[in-house]
Number of protein chains: 2
Amino acid sequence: MELDRKSGVPYYIQLKEQIRRRITQGIWPAGTKLPPERELAKSIAVSRNTVSQAYKELEGEGVLSSARGKGTFVEDTALIMQQESRKEKVLRIVDLAMEEAVGLGFSIDDFVSFVHVRGMEKKDQLSRMKVAYLVSNPEQLADVNWNLGPGVNLFPLLLSELQESPRAQECISGMDMAITGVSRLAEVKILLGKQHIPILGISLQPRLDTIVRIAKLSIGREFALVCESNQYAEKIKLALRQAGLYPAFRTLIQPNETNLREVLPQCGAVILAPRLRFRVEKVLPENMECIEFHFEPDAGSLNLLRGALLELKGEKF
Amino acid sequence: MELDRKSGVPYYIQLKEQIRRRITQGIWPAGTKLPPERELAKSIAVSRNTVSQAYKELEGEGVLSSARGKGTFVEDTALIMQQESRKEKVLRIVDLAMEEAVGLGFSIDDFVSFVHVRGMEKKDQLSRMKVAYLVSNPEQLADVNWNLGPGVNLFPLLLSELQESPRAQECISGMDMAITGVSRLAEVKILLGKQHIPILGISLQPRLDTIVRIAKLSIGREFALVCESNQYAEKIKLALRQAGLYPAFRTLIQPNETNLREVLPQCGAVILAPRLRFRVEKVLPENMECIEFHFEPDAGSLNLLRGALLELKGEKF
DNA sequence: CTTTTTGGCCCAGTTGACTAGTCCAATTAC
DNA sequence: GTAATTGGACTAGTCAACTGGGCCAAAAAG
């Protein structure tokens, strides 16, 4: 593996590309152990931190996984293949645009600068968009840490509140878009019929890491399932069944110290609705696994949403 | 005029855009005096240097002109209109590419980063291209300060040398491309017939500022025209005639101190071939205007050349 | 002429990206 | 158990871009 020292491309970016290439070319299949950071750093004569940054970003993209003391491993080749093919598509268009720009007499620097400025403008515009997220359970109000792109403002609202309070209705009219789970879509469309804002249905799925952790623990153990509402508990159970998991449950709605102290010691692990951790923490027995159950939109829904936002922006400005 | 302080776009870029807009919208027609740097800086609450940078870059692009003590003025609205329409074309493609990328699940930051890296790669590749520039007059060897984009390496070569020396022939074979004036194109194609490198004809025109300076001085004055070869002197005269200028000349080939001392005092101004200034300087009478005559490829030729280089690069890598 | 206006120029401070060095903690090997 | 390996986290230095202030010189105004 070698770096181009004169190209001006940051070393860690070059490294990422080379690692990507080795994976896509099948030289490093899934599960391969990558060279340790120190070793690779020494072999290409850069700081370990440079290697570390490359590894870490690829880890963040789901391509690699690192564990202290063990090493860094190729995680998911299918994912990176897919990413690469998408990236290739984008790069083809970028090349096209670049040649067009050069043909029109701009330099490559000009072009990059155009894109840079244009990108900042778009981000700026996006960050001014306000999106209402209509949910039916109070637990969902807190579970909105999705990556919509930098600074799209997501305002969670309870459907029941919306039905009762005219204040909430007013609040909606200031938004640029409303989203909700597909199962509630029809209902929401009727409710917001008079307001002329676009409504988008998104489908939620449990976060993969959540499912994996539960799967690892679900052999011969009983779980405590702690929620604020029965509906949410049912939602979680349904999601687990759909993932092929049928663990034994003790369901605890509206937890307080008394019933927590009673139930928890009888269980092998705890599954929590989001933001309930602090209520359970003091009562939690030593060494007991405690899993917050998060939902997130699937990739398709996210793309749909992102695209819709960009289009909206186009109309707005 | 107002700036967006939160957008992250550098102030001087925002300023440039706003000034551009005022010009394209006809609010500031050609000849308009812009607010002095201090005044504008105060009114939008930034440092004068920020305004200065915006003005200066626009001056570099030929849109504005500044003069100490006088002010900054709108130079050429036609130019900027043309620039803007070209830029719009590019931006349309950029937007398209951006939406494609976002639709494929990338963030805008990802996209900008792709373009950034891709741009650096392309520049890097371009900077490794070697282009031979075949000229017929020794004066042209020195007149190659065109902006081909950062770091394209241009190697001027005399045609007569190429015909005689096999060393020069070898040199050519290491190049990626050869260019020459359109009038010599056929000749060069035969000469390099065996070498399999692309040959491009470009058309040269005198630099606009050179012509303008001569036009200003050409009323009732006789010029001294100092060159190294008769051909080049004729080239210059022809170019001037084509620009509608018919000044009186005293032509001086292969200047030395003696004939310079004899001829110069009888003239109102001097026109020099490139790089002859140092030979004339000591003999030059006080206050006599001295103009270096430069040729450059016209915009169309430059674009053709740039495009050809980008294409070549595509094949090479 | 002197004073005012105006751009040219240089230097300082801030910020962020990049690279590099060091110590710490988890894991493995013995 | 101990020692070696390995990634995590933190700090420091470098560099370029951006912004800001001060001084100078050319032009204009009086």
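None of these values were measured; they are calculated from a predicted model. Computation of the quantities below employed the complete heavy-atom set of this structure, encompassing side-chain atoms and omitting hydrogens, waters and symmetry-equivalent molecules. Order of the sequence lines sets the chain letters (A, B, ...), proteins ahead of strands, with each chain counted from 1.
Checking D/dT19, C/dT6, D/dG7 against the side-chain heavy atoms of A/R68 singles out D/dG7 as nearest. Closest approach to the A/K70 side chain among C/dT28, D/dC18, C/dG7 is made by C/dT28 (side chain taken as heavy atoms from C-beta onward).
Judged by distance alone, the side chain of A/Q14 and the main-chain N or O of A/V9 form a donor-acceptor pair under 3.5 Å. Checking side-chain atoms of A/S43 against main-chain N and O of A/L40 turns up a donor-acceptor pair under 3.5 Å. Not one N or O on the side chain of A/E99 forms a donor-acceptor pair closer than 3.5 Å with the backbone of B/L310. The backbone N or O of B/R20 sits less than 3.5 Å from a side-chain atom of B/T24, completing a donor-acceptor pair. The main-chain N or O of A/G268 is never found under 3.5 Å from a side-chain atom of A/E289 such that the two would form a donor-acceptor pair.
B/K87 and B/E17 are joined by a salt bridge, as a carboxylate oxygen and a charged side-chain nitrogen come within less than 4.0 angstrom of each other. Salt-bridge check for B/K56 with B/E59: failed, with every basic side-chain N at 4.0 Å or more from each acidic carboxylate O. A salt bridge is defined here as a Lys NZ or Arg NE, NH1 or NH2 lying under 4.0 Å from an Asp or Glu carboxylate O, and A/R207 with A/E292 fails to meet this definition.
A close approach under 4.0 Å does not occur between any side-chain nitrogen or oxygen of A/T72 and OP1 or OP2 of D/dT6. Between B/Y12 and D/dC18, a side-chain N or O to OP1/OP2 separation shorter than 4.0 Å is present. OP1 or OP2 of C/dG7 has not a single side-chain nitrogen or oxygen of B/S66 nearer than 4.0 Å.
Rounded to 10°, the helix from C/dC1-D/dG30 to C/dC30-D/dG1 has 10° between the axis fitted to its first five pairs and the one fitted to its last five.
Remark: P of C/dC18 and NE2 of B/H116 are 8 Å apart, rounded to the nearest angstrom. Rounded to whole Å, the distance from CE on A/M120 to C1' on D/dA17 is 11 Å. Going from atom NZ of A/K33 over to atom C1' of D/dG7 covers 11 Å, rounded to whole Å. Rounded to whole Å, the distance from CZ on A/R38 to C1' on D/dG8 is 10 Å.
Both A/P10 and B/G71 lie close to DNA chain C; mapped to their nearest nucleotides by heavy-atom distance, the more 5′-ward contact belongs to B/G71.
Taking a 4.0 Å limit (strictly below) on heavy-atom distances, residues 39-57 of chain B reaches DNA chain D at B/V46, B/S47, B/R48, B/N49, B/T50, B/Q53.
Figure legend: cation-pi geometry between B/R5 and B/Y11, with NZ or CZ positioned under 6.0 Å from the six-membered ring centre and within 45° of its axis.
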